[in-house]
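Scroll down for the structure; my scribbles are underneath it.
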Protein chains: 2
Amino acid sequence: MKKTTLKEIAETLGISISTVSKALKNYPDVSAKTKKRVIDLAESLQFTPNTFAQSLRSNESKTIGVIIPSMVHYYFSSILDAIIKESEKNGYMVIILQSNEDHELEKKQINLLLNKGVDGILISLANGTKDFQYLQKVIDYGIPLVLFDKINKLLKCSKVIINDIKASYDVVTYLINKGYKRIAYFRGDLNPQNSIDRFLGYKKALEDNGIKYDSSLVYLSPIANFDEGYANAKKLIEEDKIDVDAIYTITDLTAIGVINYLNEKNIKIPDEIAVFGFSNWFMSSVITPTLSSVEQNAYRTGEKSVELLFKEIDSKQKGEPFKHETITIDTELVIRNST
Amino acid sequence: MKKTTLKEIAETLGISISTVSKALKNYPDVSAKTKKRVIDLAESLQFTPNTFAQSLRSNESKTIGVIIPSMVHYYFSSILDAIIKESEKNGYMVIILQSNEDHELEKKQINLLLNKGVDGILISLANGTKDFQYLQKVIDYGIPLVLFDKINKLLKCSKVIINDIKASYDVVTYLINKGYKRIAYFRGDLNPQNSIDRFLGYKKALEDNGIKYDSSLVYLSPIANFDEGYANAKKLIEEDKIDVDAIYTITDLTAIGVINYLNEKNIKIPDEIAVFGFSNWFMSSVITPTLSSVEQNAYRTGEKSVELLFKEIDSKQKGEPFKHETITIDTELVIRNST
DNA sequence: TTGTAGGCGTTATCAT
DNA sequence: ATGATAACGCCTACAA
């Protein structure tokens with residue numbers, strides 16, 4: 001079985017290809033009778049235009065590309081969920097690539113997408129990313145680009161982020177108000193902006209509440225996974241930081257590592273040590289104790305990102321100017337039993 | 001900035017388009033000198049062939065489509081991870097769609113992918129799927145199709161599955177050997193094959209061990225999510241099934257719902273009631289108590305699925321005949337603290 | 001060794 | 001109201 005073409009319809013009906021094309025596109029200058037004959041036959045043959053030919057002609061693929069660090073990740077998969085659903089509504093398909101937090105791979109993938117001819121690109125940057133030339137290239141090519149979550153401030157494109165400084169500030173302020181005084185922080189690498197910002201929020205909240213920042217309470221968790229949380233908690237306990245009464249982490253997965261270690265050691269949460277995460281993974285609502293966290297509204301982040309992208313694609317098609325926006329998604333503290 | 005074309009290179013060098021094309025494809029009948037001139041210029045202009053034109057001509061998109069029920073799902077996202085990585089290695093991109101367990105949507109998406117001109121389709125069927133005509137259509141069109149996880153036996157295409165009957169049989173046998181006698185089962189809908197098979201395995205294991213199957217110990221969990229696990233556990237306890245000493249569920253998420261309810265009610269796991277899941281989600285290794293489960297090797301499932309797909313695409317291109325295969329992925333019991 | 005020409009399928013402009 | 005024609009960019013059989 002082969003796909004039907006305009007040519008076949010034309011030959012069957014004994015008319016020209018261009019008339020067929022016009023009939024199907026409901027041009028006004030085709031007689032009602034011809035139109036009907038064409039449409040009926042097209043339907044019975046299940047005709048759909050060849051997208052390769054359409055793309056070649058229009059230079060549009062009706063496809064967008066998304067690059068995320070990793071797929072098996074509650075936050076990113078939720079964002080993708082939104083991106084895919086919204087794109088489908090708009091008649092677009094989505095190609096997904098994983099940078100695996102590898103800067104070089106990310107670069108290669110951007111080029112793959114450009115070569116592929118996608119109509120727009122959404123990306124959450126890999127942690128290592130320092131040089132942004134290849135992203136500038138996307139902009140130079142005139143391909144709409146939206147950064148989300150892990151962004152770079154300097155690039156001239158739309159962005160969707162949360163206010164990490166404020167969210168983090170709120171967490172620490174909440175902990176302080178609850179009576180915690182020695183709050184450890186398991187921070188991420190100081191490369192993605194949000195990692196920096198969460199750390200800043202932590203420090204600022206301490207400062208504003210008259211608590212002196214103590215760098216010995218800060219542990220590094222560059223990958224921000226379970227094992228690092230577990231290992232850092234172990235280190236903290238074994239270093240006899242007995243006055244630490246709360247641990248706040250860059251993300252939930254790390255916090256869950258912490259919880260697992262403390263549970264193993266029979267250290268009571270939150271009585272002896274409280275734990276606060278970030279991102280509100282589903283998992284956090286079902287572990288013991290349930291984990292307090294920051295709801296990041298992943299779905300909305302995805303929604304807003306494609307929305308901006310399609311707006312820009314639209315403007316481009318119409319030849320209208322487009323003004324880049326930065327949208328900040330609201331976050332909320334979700335208080336559970338770990339604090 | 002615009003993409004370079006063969007024509008531009010040809011004009012710049014004052015030679016014909018076909019010579020440029022041949023030079024870049026390293027045809028033997030182009031002089032070394034011309035070849036060098038072309039390649040150098042192409043490189044400096046960062047020439048890459050227009051994929052729309054290539055696709056139109058070759059009728060290949062170097063893109064495959066994947067349909068899964070849902071993205072925010074540990075098992076499926078792990079499979080996607082494998083699919084994307086393996087495809088990239090083979091120079092293919094991946095378009096992902098979510099059927100949302102909606103049969104009609106799935107049908108529409110299959111058509112979208114066919115119209116898009118993907119070179120192959122991977123799909124894990126929605127639960128409701130009963131009519132398979134539109135999948136037959138894929139086969140009739142000659143588009144390689146591989147079913148994984150939730151399959152239909154009757155379709156003539158490659159498949160990647162696990163042996164659900166055996167895996168389930170092993171779980172229940174293990175429980176019986178451990179001394180559990182009244183084993184409740186929270187089963188899924190009897191529509192996807194694997195749901196049926198897990199139920200069969202459960203029954204067979206009871207039978208083979210001289211335990212009479214008791215339908216009052218079977219609870220339905222059609223969506224197989226957390227809430228259903230929680231609700232069914234509640235129902236079971238409130239129905240005073242006090243002799244039940246183990247609960248085995250269709251999937252981990254449901255089991256985790258069960259654990260949460262039992263924990264809330266201070267029912268000791270596994271002393272009063274043991275819990276066994278299926279799929280070995282990451283989450284299961286970090287909840288309290290850690291959950292015994294069946295490792296399904298999602299990544300391998302993804303790997304094998306694309307491998308079969310690419311084999312078939314390859315055969316098709318070479319015009320060779322292709323023999324469909326059904327690959328069964330090994331599973332293992334992962335015993336943790338809940339049993 | 002190089003170039004010409006035709007076609008992949010669609011669409012839009014310009015005749016008729 | 002309909003059709004002929006060219007173009008999108010690439011590829012290749014064939015001609016020179």
Side-chain angles (χ1 to χ4, degrees), chain A residues 1-39 41-42 45-63 91 114-119 141-142 317 319, chain B residues 1-39 41-42 45-62 91 114-119 141-142 317:
Chain A
M1 209 153 115
K2 234 187 90 273
K3 278 203 61 174
T4 314
T5 63
L6 291 181
K7 196 178 167 189
E8 282 160 25
I9 296 179
E11 280 167 3
T12 310
L13 297 178
I15 58 177
S16 77
I17 295 176
S18 47
T19 304
V20 175
S21 174
K22 284 182 200 161
L24 290 171
K25 308 210 109 199
N26 205 22
Y27 270 51
D29 59 352
V30 179
S31 75
K33 209 178 96 218
T34 310
K35 217 173 259 183
K36 189 176 178 335
R37 290 212 306 150
V38 170
I39 290 171
L41 182 58
L45 292 175
Q46 301 198 57
F47 170 82
T48 48
N50 179 312
T51 54
F52 301 151
Q54 286 184 315
S55 291
L56 176 59
R57 187 146 216 299
S58 64
N59 207 26
E60 276 171 34
S61 60
K62 287 283 174 186
T63 304
L114 286 178
N115 293 342
K116 188 79 184 177
V118 294
D119 297 340
Y141 265 74
Q317 284 168 350
Chain B
M1 209 154 116
K2 233 186 91 280
K3 276 201 60 170
T4 313
T5 63
L6 291 182
K7 196 178 167 188
E8 283 161 24
I9 296 179
E11 280 168 1
T12 310
L13 297 178
I15 57 179
S16 77
I17 295 175
S18 58
T19 304
V20 175
S21 174
K22 285 180 201 163
L24 290 172
K25 308 208 106 199
N26 205 23
Y27 269 49
D29 61 351
V30 178
S31 74
K33 208 179 99 222
T34 309
K35 216 174 261 185
K36 188 172 179 338
R37 288 214 305 151
V38 170
I39 290 172
L41 182 56
L45 293 175
Q46 300 198 58
F47 170 82
T48 49
N50 179 312
T51 55
F52 302 151
Q54 283 184 316
S55 291
L56 176 59
R57 188 155 209 294
S58 65
N59 207 27
E60 278 171 33
S61 60
K62 288 284 175 185
L114 286 178
N115 293 342
K116 188 79 186 179
V118 293
D119 298 339
Y141 265 73
Q317 284 167 349

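A note on names: the letters A, B, ... follow the listed sequences, proteins ahead of strands, and every chain is numbered from 1.
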(message) Of the listed nucleotides (C:dT1, C:dC8, C:dT13), which one gets closest to any side-chain atom of B:Leu56?
(response) C:dC8
(request) For C:dT1, take OP1 and OP2 only and decide whether either is under 4.0 Å from a side-chain N or O of B:Thr19. (result) no
(request) Would you mind telling me which residue lines up with the more 5' stretch of DNA chain D, B:Thr48 or A:Arg57, judged by nearest nucleotide? (result) A:Arg57
(message) Need two values: the first and the last nucleotide of DNA chain D, 5' to 3', having an atom under 4.0 Å from any heavy-atom of chain A.
(response) D:dA1 to D:dG9
(message) As a quick check of understanding, evaluate side-chain contact (heavy atoms from CB on, under 4.5 Å) for A:Glu60 and A:Gln317, giving each step before the final call.
(response) CA-CA 10 Å; A:Glu60 276 171 34; A:Gln317 284 168 350; 3.1 Å; yes
Looking only at non-hydrogen atoms, find the nearest pair between [X] and [Y] and report the distance.
| X | Y | answer |
| --- | --- | --- |
| A:Lys3 | B:Tyr141 | CG-CE2, 3.6 Å |
| B:Asp119 | B:Ser61 | OD1-N, 2.9 Å |
| B:Leu24 | B:Ala42 | CD2-CB, 3.7 Å |

Using whole Å, report how far [atom1] of [X] lies from [atom2] of [N].
| X | N | atom1 | atom2 | value |
| --- | --- | --- | --- | --- |
| A:Glu60 | C:dT11 | CD | C1' | 13 Å |
| B:Asn50 | C:dC8 | CG | C1' | 13 Å |
| A:Ile9 | C:dT10 | CD1 | C1' | 12 Å |
| A:Leu24 | C:dG9 | CG | C1' | 13 Å |

(request) State whether the side chain of B:Lys35 and the backbone N or O of B:Tyr27 hold a donor-acceptor pair below 3.5 Å, judged by distance alone. (result) yes
What nucleic acid atoms does [X] come within less than 4.0 Å of, heavy atoms only: base, sugar-phosphate, or nothing?
| X | answer |
| --- | --- |
| A:Asp29 | base |
| B:Leu6 | sugar-phosphate |
| A:Thr34 | sugar-phosphate |
| B:Ser18 | base |
| B:Lys22 | base |
| A:Ser21 | base |
| B:Ile17 | nothing |

(message) Return whichever of B:Ala53 or B:Val30 has its heavy-atom-nearest nucleotide of DNA chain C closer to the 5' end.
(response) B:Val30
(request) Could you please spell out the steps behind the side-chain contact (heavy atoms from CB on, under 4.5 Å) verdict for A:Thr63 and B:Lys116? (result) CA-CA 10 Å; A:Thr63 304; B:Lys116 188 79 186 179; 2.5 Å; yes
(message) Between A:Thr19 and A:Leu13, is there a side-chain heavy-atom distance shorter than 4.5 Å?
(response) no
